[in-house]
Amino acid sequence: MTILVTGGAGYIGSHTVLHLKEQGEEVVVLDNLSRGHLDALFEAPFYEGDLHDEKLLDEIFHTYDIDAVIHFAASSQVGESVEDPLKYYENNVIGTFHLIRKMVQHNVNRIVFSSTAAIYGDPEFIPVGETNATIPTNPYGETKLAIEKMLQWSDQAYGLKSVSLRYFNAAGADPQGRIGEDHDPETHLIPIVLQVALGQREQVNIFGDDYPTEDGTCIRDYIHVMDLAEAHYLAVKKLKETNESAVYNLGNGQGFSVKQVIETCERVTGVFIPSTVSFRRTGDPAVLVAASDKARGELKWIPQYPSLEAIVSHAWDWHKSYPYGFQTKLPT
Ligand SMILES: NC(=O)c1ccc[n+]([C@@H]2O[C@H](COP(=O)([O-])OP(=O)(O)OC[C@H]3O[C@@H](n4cnc5c(N)ncnc54)[C@H](O)[C@@H]3O)[C@@H](O)[C@H]2O)c1
Ligand SMILES: O=c1ccn([C@@H]2O[C@H](COP(=O)(O)OP(=O)(O)O[C@H]3O[C@H](CO)[C@@H](O)[C@H](O)[C@H]3O)[C@@H](O)[C@H]2O)c(=O)[nH]1
């Protein structure tokens, strides 16, 4: 297959590109490098450009016979989306609109879309199944939900088949240490805690300890980035086999509080992690834990690295080798 990966120089995208290449698939990458890194890419044809650039999309779809698109390119920070919602509507909703319009015009009719647990908002039932109500608590989740709906209507109208993968919290790194998570600024919990372990930050700021959870801090379901990569591969194959649209949650089904994540990082790194408690971050739901039985059953998806220790330990290996990101690999 030839697969166009948008956002393929980003964190989850680059791990998926690596996995697809290892499975022998052809990959073409489109990324505007606003958050991605050339160093994260493995020998794939690369277009530096934007989803909004329809001429560039025409060029890609003319040049390659694309079997499917895996669409990661987006803005994806919950806090930023609350502060600047229009950025999220522009980059996520309008950006995807251009992509879908060009796919329809060029008769490319399979897409795997990066959706998110954030579309559920503060779920009534835990673990959250795909049929739970979708009431986002932040603009980021709203834009992802709008895209899911755009995809559903595009299936009905144009026969565009999609799999929306609602992932919970991506974490970890390539177990062989070739690539990892490099965001500047970093906003995700695990890399921030590891930056404290590396001595790059003085402490972790815990966003609220007055949530209705056992220790008062937010609970999330952390899923290894390579397990997400495999789920994308399985989703593309399923789309090709069945030609049916679907929606799947992707998580481990186990929740960890912010404090438990910090404790796990202390165990893995052997370093004491100082922390302080501040106000809640607006838009954060208290608990997000996935029911992923549907993906396990229909995609035959079996996460290989479900333990938080393994996830943190792969992330730690990468951060130790590249303490300030891709530009700073230390000699081994
Ligand atoms: N990280 C998570 O925990 C998580 C969880 C659920 C869903 N997601 C979704 O998964 C996807 C990937 O997330 P990530 O953590 O790898 O993010 P990331 O920021 O590392 O990757 C996104 C990539 O898309 C590129 N990009 C952004 N806007 C673009 C545009 N308009 N045109 C071209 N390229 C553009 C960026 O340069 C970056 O390389 C996103 O859609 C995100 O919403 C992430
Ligand atoms: O310095 C920090 C950073 C985070 N947190 C907390 O840690 C948890 C995890 O936060 P973070 O790593 O920023 O992830 P989320 O905000 O849960 O969002 C991630 O996970 C979502 C799915 O659950 C995705 O949709 C988003 O794209 C992705 O960024 C949250 O409770 C935060 O409040 C802190 O307490 N301190």
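All heavy atoms count here, side chains included; hydrogens, waters and symmetry mates do not. Positions are given from 1, in the same order as the sequence printed here. Just follow the structure's listing: the first ligand is 1, and inside any ligand the first atom is 1.
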Would you check the N or O atoms of Asn169, main chain and side chain alike, for any that come under 3.5 Å of an N or O of ligand 1?
no
Enumerate the atoms of ligand 1 whose separation from the nearest heavy atom of Leu33 is less than 4.0 angstrom.
37 (O)
Ignoring hydrogens and geometry beyond distance, is a side-chain donor-acceptor pair present between Tyr140 and Glu80 at under 3.5 Å?
no
Answer yes if the side chains of Glu298 and Tyr248 hold a donor-acceptor pair under 3.5 Å, and no otherwise.
yes
Do any nitrogen or oxygen atoms of Leu30 lie less than 3.5 angstrom from nitrogen or oxygen atoms of ligand 1?
no
Tell me, which protein residue and heavy-atom name are nearest atom 21 (O) of ligand 1, and how many Å apart are they?
Gly10 CA, 3.5 Å
Using a distance-only test with no angle check, is there a side-chain donor-acceptor pair under 3.5 angstrom linking Gln152 and Lys149?
no
Would you say the side-chain atoms of Tyr167 and Ser114 include a donor-acceptor pair closer than 3.5 Å?
yes
Looking at atom 6 (C) of ligand 2, what's its closest protein heavy atom, distance included?
Val258 CG2, 3.8 Å
Report, in ascending order of atom number, the atoms of ligand 1 lying under 4.0 Å from any heavy atom of Gly49.
32 (N), 33 (C)
CD1 (Ile302) with more than 12 external heavy atoms under 6.0 Å:
no
Among Val5, Ile12, Thr116, Val29, which one has a heavy atom closest to atom 1 (N) of ligand 1?
Ile12
May I ask you to identify, for His188, whether its side chain, its backbone, both or neither come under 4.0 Å of ligand 2 on a heavy-atom basis?
both
Looking at atom 31 (O) of ligand 2, what's its closest protein heavy atom, distance included?
Cys218 CB, 2.9 Å
Quiz question: by atom type and distance under 3.5 Å, do the side chains of Gln203 and Thr276 form a donor-acceptor pair?
no
For ligand 2, is Tyr222 a contact, meaning one of its heavy atoms is under 4.0 Å away?
yes
Under 4.0 Å from a heavy atom of Tyr167: give me the atoms of ligand 2 that qualify, with their elements.
22 (C)
Using a strict cut-off of 4.0 Å, indicate which atoms of ligand 2 neighbour a heavy atom of Ala117.
22 (C), 23 (O)
When distances are taken from atom 36 (N) of ligand 2, the protein heavy atom at minimum range is Asn205 O, 2.7 Å
Could you tell me whether Arg178 and Glu22 make a salt bridge, using a distance below 4.0 angstrom between a side-chain N and a carboxylate O?
yes
Decide whether Thr137 and Asp122 meet the rule of one side-chain donor and one side-chain acceptor closer than 3.5 Å.
no
Decide whether an N or O pair under 3.5 Å exists between Asn32 and ligand 1.
yes
Between Trp318 and Phe326, does the ring centre distance come in under 6.0 Å?
yes
Mark up the atoms of ligand 1 that fall under 4.0 Å of a heavy atom belonging to Ala9, in ascending order.
39 (O)
Quick one: are Ser162 and Phe113 in side-chain contact, heavy atoms under 4.5 Å?
no
Are Tyr88 and Leu145 co-members of a hydrophobic cluster defined by side-chain heavy atoms under 4.5 Å apart?
no
Closest protein heavy atom (residue, atom, distance) for atom 28 (N) of ligand 1
Asn91 ND2, 3.0 Å
Would Gly95 count as a contact residue for ligand 1, given that I'm defining contact as a non-hydrogen atom of the residue lying under 4.0 Å from a ligand atom?
no
Would you call Thr6 a ligand 1 contact, heavy-atom distance under 4.0 Å?
no
Closest to atom 5 (C) of ligand 1 among protein heavy atoms sits Phe168 O, 3.2 Å
Other residues, nucleotides, ligands: >12 heavy atoms within 6.0 Å of Tyr158 OH
no
Check whether any side-chain heavy atom of Asp50 lies under 4.5 Å from a side-chain heavy atom of Leu56, and answer yes or no.
no
Write out the residue and atom name of the closest protein heavy atom to atom 25 (O) of ligand 2, then the distance separating them to 0.1 Å.
Thr116 OG1, 2.3 Å
Ile206 heavy atoms within 4.0 Å reach ligand 2 at atoms 35 (O)
Identity of the nearest option to atom 17 (O) of ligand 1, non-hydrogen atoms only, from Ser76, Ala40, Ala171:
Ser76
Could you identify the single nearest non-hydrogen protein atom to atom 40 (C) of ligand 1 and state the distance to 0.1 Å?
Phe72 O, 3.1 Å
Working note: Asp39 + Tyr322, criterion side chain to side chain donor-acceptor pair (under 3.5 Å); need CA distance, chi angles, decisive distance, verdict.
CA-CA 12 Å; Asp39 293 334; Tyr322 295 81; over 6 Å; no
Per-atom filter on ligand 1: closer than 4.0 angstrom to a heavy atom of Ser34 are 26 (N), 27 (C), 36 (C), 37 (O)
Is Lys144 near ligand 1, meaning one of its heavy atoms is under 4.0 Å from it?
yes
Shortest protein heavy-atom distance from atom 32 (N) of ligand 1, along with the residue and atom involved
Leu51 N, 3.1 Å
To the closest 0.5 Å, what do you measure between CG (Leu30) and CG (Leu99)?
8.0 Å
Heavy atoms, side chains only, cut-off 4.5 Å: are Tyr64 and Glu26 in contact?
no
In the protein, which heavy atom is nearest to atom 20 (O) of ligand 1, and how far is it?
His183 NE2, 2.7 Å
Nitrogen or oxygen atoms of Ser75 and ligand 1 under 3.5 Å apart:
no
Where is the nearest protein heavy atom to atom 22 (C) of ligand 1: which residue, which atom, and how far?
Ala74 O, 4.1 Å
Suppose we measure from atom 33 (O) of ligand 2 to each protein heavy atom; which comes out shortest, and what is that distance?
Asp284 OD2, 2.6 Å
Counting only heavy atoms, which portion of Thr217 has something under 4.0 Å from ligand 2: side chain, backbone, both, or neither?
neither
Heavy-atom closest contact (Thr213 atom, Thr217 atom, distance):
OG1-O, 2.7 Å
re atom 15 (P) of ligand 2, the protein heavy-atom contact at minimum distance is Asn169 ND2, 3.5 Å
Looking only at protein heavy atoms, what sits closest to atom 37 (O) of ligand 1 is Asp31 OD1, 2.6 Å
Does the ring centre of Phe72 sit less than 6.0 Å away from the ring centre of His232?
yes
Do Glu130 and Arg166 meet the salt-bridge criterion of a basic N to acidic O distance under 4.0 Å?
no
Determine, for Arg101 against Glu54, whether the closest basic-nitrogen to carboxylate-oxygen distance falls under 4.0 angstrom.
yes
Which option out of Tyr222, Tyr167, Tyr140, Tyr11 puts a heavy atom nearest to atom 10 (O) of ligand 1?
Tyr167
Nearest heavy atom to atom 7 (C) of ligand 1, choosing from Ser115, Ala73, Ala170, Ser114, belongs to Ser115
Arg281 near ligand 2, heavy-atom distance under 4.0 Å?
yes
Nitrogen or oxygen of Phe207 less than 3.5 angstrom from that of ligand 2:
yes
Within-cut-off N or O pair, Tyr140 and ligand 2, under 3.5 Å
yes
His19 vs Tyr233 aromatic rings, parallel, tilted or perpendicular, using cut-offs 30° and 60°?
perpendicular
Side chain or backbone of Leu189 under 4.0 Å from ligand 2, or both, or neither, by non-hydrogen atoms?
both
What closest approach, in Å, do Glu266 and Ile273 show between heavy atoms, and which atom pair accounts for it?
OE2-N, 2.8 Å
